[in-house]
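Right, one structure below, let's go through it.
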Amino acid sequence: MNRFPLTRAAALERLERFVPRAGSAYGARRNLVDPDGDHGNVSRLSAALRRRLIGEDEVVRAVLATHRFDKCEKFLAEVFWRTYWKGWLEQRPGVWTGYLADVEAFQPGTAVAEAIAGRTGIDAFDHWARELAETGYLHNWARMQVASIWTFTLGLPWQLGAQWFFERLIDADPASNTLSWRWVAGLHTPGKTYLADADRIAAMTGGRFRPDGLATMPRIPDGSAHPPRTPLRAASAPDPALPTLVLVTPEDCSLETVLPTLDVRAVAVADDLARNAWDRTAMQDAAARAAAHWQCPTGPGDIASIAAQHGCTQVVTGFAPVGPVAAALEDLRGQLSAQGIVLAEHQREWDRLCWPHCGKGFFNLKSEIPHLLEALRLA
Ligand SMILES: Cc1cc2nc3c(=O)[nH]c(=O)nc-3n(C[C@H](O)[C@H](O)[C@H](O)COP(=O)(O)OP(=O)(O)OC[C@H]3O[C@@H](n4cnc5c(N)ncnc54)[C@H](O)[C@@H]3O)c2cc1C
């Protein structure tokens with residue numbers, strides 16, 4: 001079985017197998033890192049959730065069908081961490097553009113290259129750097145140690161560490177990745193850093209690693225204060241009356257499960273938005289399902305030409321949160337509009353209801369989880 005599912009069928013199968021372990025077993029064992037990379041204590045659903053091959057609501061519904069809320073609260077909270085980071089970045093897009101500008105400005109030197117190659121001499125770090133290169137995945141607790149050692153022990157810029165992860169992770173996500181690096185570095189909750197500790201690493205890896213010489217005093221990197229909160233971007237909802245082309249991007253790969261009734265004439269794949277082969281696999285799977293659902297043709301190519309070929313005056317895609325896809329869709333919106341075609345984005349109910357609670361600390365969102373589950377008809 002695929003270790004990190006990238007089709008909807010594989011993700012649903014992984015979910016079904018994982019559900020029995022999403023209760024108290026997850027709460028007790030989720031931070032134990034198997035150095036041999038099995039990671040059976042966690043779901044490994046992130047690559048599928050990140051591309052929405054499967055929705056957060058589907059995961060939560062399946063887990064709550066088996067476990068009482070108080071037994072699976074820990075797992076549900078982790079699912080909501082993804083939502084929290086997304087909703088927070090949506091309200092501070094300047095943190096993303098600031099990070100991109102910083103990455104451009106830095107010259108990565110030898111120390112960065114040696115760290116990425118897993119040649120620092122810090123056993124746990126080097127092991128995880130190689131695991132990331134080989135598999136594209138790291139356990140959450142390993143990510144925290146790697147980001148902490150990079151920032152505080154090696155003294156490297158967090159932005160270049162975040163860029164390394166963003167290029168290599170199978171679940172690479174602008175919000176979860178950038179903001180988790182900032183959280184470790186002490187820039188998210190001002191003054192609160194995450195410091196890796198040799199004894200804790202030994203405890204969580206069954207004694208396999210106990211690195212020497214880790215930093216004992218975090219030096220918080222310079223970072224400007226959070227930009228002011230801006231209103232959430234409004235989605236331009238699809239018009240059911242218009243002949244429609246459905247556009248699959250890596251941001252939403254199960255549109256047929258959430259779109260309202262539409263007059264869909266064709267399905268197109270935004271091939272140029274794939275950052276890697278993992279994206280391409282997920283998008284091809286999504287396009288095949290969408291074409292079967294709407295009984296219409298699909299294929300790659302220039303979006304405006306495909307729309308014209310099928311008489312479509314509307315292109316509908318999933319809402320793209322802050323990141324490269326949103327930036328590319330803004331360009332596409334201009335090109336389409338020049339040809340009289342509207343670009344509409346479908347925003348999922350999950351995001352619409354949850355994001356307004358994500359502008360402050362995670363606790364604000366966490367305390368809303370029971371109400372949100374009710375509003376989403378999941379509890
Ligand atoms: C420095 C750093 C960088 C990270 N970069 C990314 C990234 O680019 N993309 C990404 O998806 N996650 C990122 N994470 C969060 C987290 O590590 C992964 O989501 C998680 O390890 C995925 O494995 P899983 O599916 O087995 O998680 P599980 O433990 O099974 O959790 C279930 C789901 O909850 C969500 N989740 C769990 N933990 C977190 C978390 N801490 N933050 C946000 N969502 C979470 C994920 O969607 C995950 O699939 C990062 C964390 C750190 C510390």
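In listed order, ligands and their atoms are each counted from 1.
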Specify side chain, backbone, both or neither for [X], according to which of its non-hydrogen atoms lie closer than 4.0 Å to ligand 1.
X    : value
S43  : both
L169 : side chain
Y137 : side chain

Check: For ligand 1, which atoms, with element, lie under 4.0 Å from some heavy atom of L49?
Finding: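 Every atom of ligand 1 under 4.0 Å from some heavy atom of L49: 47 (O), 49 (O).
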Next item on the list: List every atom of ligand 1 that sits less than 4.0 Å from any heavy atom of A172, numbering the atoms from 1 in the order shown and giving each element.
Entry: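 Contacts of ligand 1 toward A172, numbered from 1: 8 (O).
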Considering [options], which one's heavy-atom position lies nearest to [atom]?
atom                    : options               : value
atom 43 (C) of ligand 1 : R182, H39, K74, R82   : R82
atom 9 (N) of ligand 1  : T178, V146, V63, D171 : D171
atom 1 (C) of ligand 1  : W181, W150, Y26, W85  : W181
atom 15 (C) of ligand 1 : L179, N140, V59, T151 : N140

Ligand 1 contacted by [X] (non-hydrogen, < 4.0 Å):
X    : value
F75  : yes
F18  : no
L45  : yes
M144 : yes
R44  : yes
F80  : no

Aromatic ring pairing [X]/[Y], orientation class (parallel under 30°, perpendicular over 60°, tilted between):
X    : Y    : answer
H226 : H188 : tilted
W96  : Y99  : tilted
W81  : F362 : parallel

Starting from [atom], what is the nearest protein heavy atom, named by residue and atom, and what distance separates them?
atom                    : value
atom 14 (N) of ligand 1 : R143 NH1, 3.5 Å
atom 40 (C) of ligand 1 : W81 CB, 4.0 Å
atom 3 (C) of ligand 1  : N177 OD1, 3.4 Å
atom 19 (O) of ligand 1 : S46 CB, 4.0 Å

Next item on the list: List the steps, then state whether side-chain contact (heavy atoms from CB on, under 4.5 Å) holds for M204 with Q145.
Entry: CA-CA 11 Å; M204 294 301 162; Q145 313 317 303; over 6 Å; no
Next item on the list: Taking the six-membered ring for Trp and the full ring for Phe, Tyr or His, determine whether the centres of W350 and F80 are under 6.0 Å apart.
Entry: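 Judged by ring-centre distance (under 6.0 Å), W350 and F80 do meet the cut-off.
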Margin query: Can you confirm whether or not the ring centre of W158 sits under 6.0 Å from the ring centre of Y194?
Written below: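 So the answer is no for these two rings.
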[X] side chain to [Y] main-chain N or O, any donor-acceptor pair under 3.5 Å?
X    : Y    : result
H139 : W141 : yes
E90  : V322 : yes
D126 : T120 : yes

Item checked: Qualifying residue, where the test is side-chain contact (heavy atoms from CB on, under 4.5 Å) with L245 and the options are L343, T317, I303, V264 ->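 Going through L343, T317, I303, V264 one by one, the side-chain contact (heavy atoms from CB on, under 4.5 Å) with L245 is satisfied by I303 alone.
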Notebook entry, point to check: Which value, rounded to the nearest 0.5 Å, describes the distance between R219 atom CZ and F152 atom CZ?
Noted result: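 So the CZ of R219 and the CZ of F152 are separated by 10.0 Å.
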Does any N or O of ligand 1 fall below 3.5 Å from an N or O anywhere on [X], backbone included?
X    : value
R50  : no
S180 : no
E78  : yes

Margin query: When you measure from the centre of the six-membered ring of F319, is the NZ or CZ of R233 closer than 6.0 Å and no more than 45° off the axis?
Written below: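 Yes; both conditions hold, so R233 lies above the ring face of F319.
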Notebook entry, point to check: Within 45 degrees of the axis of the six-membered ring of W164 and under 6.0 Å from its centre: does R168 put its NZ or CZ there?
Noted result: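 The answer is no; the distance or angle limit is not met.
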